[in-house]
Amino acid sequence: MSDNSILITDLLSLPATVDEVDYARRGYHLDVALTADRVRAMAETLLRHEFYLVFASAVDLAPDAEVVYQFARHGSPCRIMARAYVRRDGTVPTIADIYHGANWHERETKDMFGIRFAGHPYLQPLLLPEENAELKPLKKSEKSIKLPADVRWLPEEPAPAAPAAPAAPKAGGDTPTTPEQG
Amino acid sequence: MTPEAAKQDKHTFVLNMGPQHPSTHGVMRVILEMDGEHILEPEPVLGYGHRIQEKMGEARPWPGFMPNTSRMDYLSAMIYNHGYVSLIERMTGIEVPRRAEFIRVITDELNRIQSHLLWLGAFLLDLGAFTPIMYTFDDREQILDILEDVTGSRLTYCYHRVGGVARDIDEKFVERTRAFIARLRSRFKPIYYDLVTSNIIFIKRVKDVVSFTPELARRYGLTGPPLRSTGISYDIRKNEPYSIYPEFDFEVPVGTKGDCLEVYNIRVAEMEQSLRIIEQALDRLPEGPFRNKIPRKVKLPQGDATFSVETARGELTYYLVSDGSDVPYRLKIRVPSFSNLSVLQELCRNMLLSDLVMSLGTLDLVIPEIDR
């Protein structure tokens, strides 16, 4: 756990908002939200912490679509969902030169959502045969598109009987109270 | 020679491999910039089998996507079933009877073994050895027969259900599976080991070809046996255990230097470990219901969740975003072969063409899974 507290501090200083969430319910440990401009810094931080990229993709929302990244670690389990809204000009900085595997994930996201990854070395269609500005198959229609608030967990999410989690070690590691010295 | 310099050189040429080619194991194309027998730049071209599975997942209530799950990686269909139902169970909190968990694990592991057996035969076929595939297909048929009896299909299963499995297994299934375990065990040594693993021609051919490293694996999100060949012991069944895997005693085989031979050895060792898991599960198979009753229409709670399982090829992750209805708002499917293939460009630069064929075989690709 002390491992994660350094990680969380690093992520907070990006800056980003970091929430520790219920793994049993969601399947990931940390929910990270940040601005598109900080995506590259996040990737560098996570690579330094020896995370690998599970996938990069997007969720179409109104008014701005959102890119989502999932990272995990080979060591002690820690899965991260990171999300950033696409900038108004429809771009997000690429992370393909940091995580080389992101190259194809970003190309696929461009195919499906039309999101452009600024600085990508080769942003050509990957799964779809050719560039087609009208055909962005995973974009939602105007009728069915949702607001971010419609797809987030509601606040009363944690199950009622959640046992008190062991509090994260805080404030300079006080030694536990020792029995009276005889 | 850099690709730029190569373009100036009159001795370089472009070679097209696929989309119809026996060693791409599916409809995939690789454009190869060649200098004689050496590859300067391999470029995979994908999408020939693209069916937009994710859109299908977002266009109907969640139960309607069940049959699709088995049509991506047709060799790990059962495990794809498992990942999807577990994701829905995670979001809705639907419980699974204990017997069903055992049945799921048994069928998953049978599925994994038949995938590895097919790979073993096909990989050696790529190398020019024709005989082994005859033996592996003989063994594999036994699994398909066993699974056909209980699921009704031989390849594209739709057997796992949210809250359990579709049909219960009977004594006959248990008996046949036990017989199969004994049979496959008796064949490892005389056939697979003596014929292939210890064969000096085979060893010399595959040893030290390709080199997966932990660092490469992290940058590309490599998973499955190629990742484990680098010495990283990472198997979702152990590292983020799901279902009842923690109750079983099994090992995760790893390598040290990440070449083709080690990946081969890992897959063979994994078959033995899967047999161990199945045996333990059969011994402890509890009585009880195989499926919980669930309401006809179950809405997903608003929010997002993810679920990862270990397929025969590596990490499969479903990521679902829900708006509170029973139709997923967004369903992302992260498939192992997609990330595993993306290393090809870096891995195979300056390699011999015949070694590229072997690298593709070592990655154990299923193309419809990559294209989805």
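Quantities reported herein were computed from a predicted structural model and do not represent experimental measurements. All values below were derived from every heavy atom in this structure, side-chain atoms included, with hydrogens, water molecules and symmetry-related copies excluded.
Both cation-pi conditions hold for B/Arg372 and B/Phe338: the charged atom is under 6.0 angstrom from the six-membered ring centre and inside a 45 degree cone around its axis.
For a residue to count as touching a neighbouring chain, one of its non-hydrogen atoms must lie under 4.5 Å from one of that chain's; by this rule B/Leu216 does not touch chain A. Using a 4.5 Å cut-off between heavy atoms, B/Lys332 touches chain A through its side chain atoms alone. With a 4.5 angstrom heavy-atom cutoff, B/Glu89 does not touch chain A via any of its atoms. The part of B/Ile52 that comes within reach of chain A is its side chain, from C-beta onward, which places non-hydrogen atoms under 4.5 angstrom from that chain. Using a 4.5 Å cut-off between heavy atoms, B/Phe307 makes no contact with chain A at all. Using a 4.5 Å cut-off between heavy atoms, B/Ser339 contacts chain A through its side chain alone, with no backbone atom that close. At a 4.5 Å heavy-atom cutoff, B/Leu316 makes no contact with chain A through either its backbone or its side chain. In this structure, the portion of B/Glu315 lying under 4.5 Å from any heavy atom of chain A is its side chain and not its backbone. Both the backbone and the side chain of A/Leu126 come within contact range of chain B, judged by heavy atoms closer than 4.5 Å. For B/Tyr234, the part lying near chain A is the side chain, with the backbone staying farther off; criterion is any non-hydrogen pair under 4.5 Å.
Heavy-atom pairs under 4.5 Å with chain B peak, among A/Val54, A/Leu53, A/Asp31, A/Ile98, at A/Val54. Note on A/Met112, A/Gln70, A/Arg79: by heavy-atom pairs under 4.5 Å with chain B, the leading option is A/Arg79. When B/Gln302, B/Glu215, B/His50, B/Glu58 are compared by the number of non-hydrogen pairs under 4.5 Å with chain A, B/Gln302 comes out ahead. When A/Ser144, A/Pro77, A/Pro129, A/Pro137 are compared by the number of non-hydrogen pairs under 4.5 Å with chain B, A/Pro137 comes out ahead.
The closest side-chain donor-acceptor pair between B/Ser308 and B/Glu240, if any, does not fall under 3.5 angstrom. Inspection of the B/Asp304 and B/Tyr319 side chains reveals an N or O donor paired with an N or O acceptor under 3.5 Å. Between the side chains of A/Asp37 and A/Thr35, not a single donor N or O lies within less than 3.5 Å of an accepting N or O. Side-chain contact check for B/Tyr80 and B/Glu369: at least one donor-acceptor pair (N or O, by modelled atom type) lies under 3.5 Å.
The six-membered or imidazole ring of A/Tyr23 lies near that of A/His29, with a centre-to-centre distance under 6.0 Å. If you look at A/Tyr69 and A/Tyr99, their ring centroids are not closer than 6.0 Å.
The nearest pair of heavy atoms linking B/Pro226 to B/Val263 is CA-CG2, 4.1 Å. Scanning all heavy atoms of the two residues, the minimum distance from B/Thr230 to B/Leu227 falls at OG1-O, 2.6 Å.
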